[in-house]
Amino acid sequence: MTAGRRPKPAQLKVLEGNFRKDRDSHGANEQRPIGLPECPKWLPRSAKKYWSEVGPQLEKAGLISLLDQAAFAAHCDSVGKFEEITKKLKRLEDMVDFTPQNYAVQSVYFQIRNKLWDQVMKSANEFGLTPAGASKVKAPSQGQLDLGGFESI
């Protein structure tokens, strides 16, 4: 989890009377070259599949830059590995191991799956692929900012 308050939408700031173009516009992202970077050759097949499915959507929304190759590759790799290990854990019995004293504990595969899920969700947040992440990611303006019928000051 990240610290601090979530950013308010620009429309709400207009209604409250504290919208400022210099702070609330999307100028910082306009300097980044929007586009889907080339998919790295080292990614496994399942990660490449995810790259080809989600990457173009992020590009269309203006949420990925040509500079984001490493971050998006790490996200895709985590998704691919999560998918692979989840396929191995089909039954509840696959998620449990027993110690020499016959105590039930989480299997190593289940622990790895949980860690991968944490990585997937954290990196998904960076690209606006979660509801919370979508409120934080600022895509470059594609035309005029809709301020709910109000003009900015």
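- Cluster annotation: M95 is connected to V108 through the hydrophobic network of ILVMFWY side chains, with a link wherever side-chain heavy atoms come within less than 4.5 Å.
- Taking a 6.0 Å sphere around CD of E93, one finds it holds more than 12 heavy atoms contributed by other residues, nucleotides or ligands.
- One finds the OH atom of Y109 at 12.0 Å from the CD atom of E84 (value rounded to the nearest 0.5 Å).
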Check against salt bridge (Lys or Arg N to Asp or Glu O under 4.0 Å), D118 and K122: CA-CA 6 Å; D118 288 342; K122 285 178 183 176; over 6 Å; no
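- Contact of the D94 side chain with the K88 side chain is not registered, since no non-hydrogen atoms from C-beta on lie closer than 4.5 Å.
- Considering OG of S65 and CD of E59, their distance stands at 10.5 Å, rounded to 0.5 Å.
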Trace of the side chain to side chain contact (heavy atoms under 4.5 Å, CB included) decision for V54 with C76: CA-CA 9 Å; V54 176; C76 293; over 6 Å; no
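- The line from CG of D77 to CZ of F82 is 14.0 Å long, rounded to the nearest 0.5 Å.
- Distance check: F127 CZ to I64 CD1 gives 5.0 Å after rounding to the nearest 0.5 Å.
- Under a 4.5 Å side-chain heavy-atom criterion applied to ILVMFWY residues, the cluster that includes L67 comprises that residue alone.
- Remark: side-chain polar atoms of N114 are not paired, donor with acceptor, to backbone N or O of Q111 under 3.5 angstrom.
- Using a 4.5 Å heavy-atom cutoff, the side chains of N125 and L129 are not in contact.
- With rounding to the nearest 0.5 Å, the separation of CD in Q119 from NZ in K81 is 8.5 Å.
- Annotation: side chain of V105 is in contact with side chain of T99 (closest heavy-atom distance under 4.5 Å).
- Across all their heavy atoms, C39 and Q69 have their closest contact at C-NE2, 4.5 Å.
- Qualifying salt bridge (Lys or Arg N to Asp or Glu O under 4.0 Å) partners for K87, counting only residues two or more places apart in sequence or in other chains: E83.
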Please evaluate residues D97 and Q106 with respect to the criterion side chain to side chain contact (heavy atoms under 4.5 Å, CB included), reporting the C-alpha separation (whole Å), side-chain torsions for both, the decisive distance (0.1 Å), and the verdict. CA-CA 6 Å; D97 281 336; Q106 287 183 349; over 6 Å; no
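- Dense packing is recorded around NZ of K48, with more than 12 heavy atoms of other residues, nucleotides or ligands lying under 6.0 Å away.
- The shortest heavy-atom contact between W42 and A73 is CZ2-CB, 3.9 Å.
- F98 and Y103 have their aromatic ring centers separated by at least 6.0 angstrom.
- In this structure, the separation between CD1 on I34 and CG on L58 is 10.5 Å, given to the nearest 0.5 Å.
- Using a 4.5 Å heavy-atom cutoff, the side chains of S78 and Y50 are not in contact.
- Counting heavy atoms from C-beta outward, F72 and L36 have side chains that approach closer than 4.5 Å.
- Taking the side chain as every heavy atom from C-beta outward, I85 and L116 approach each other to under 4.5 Å.
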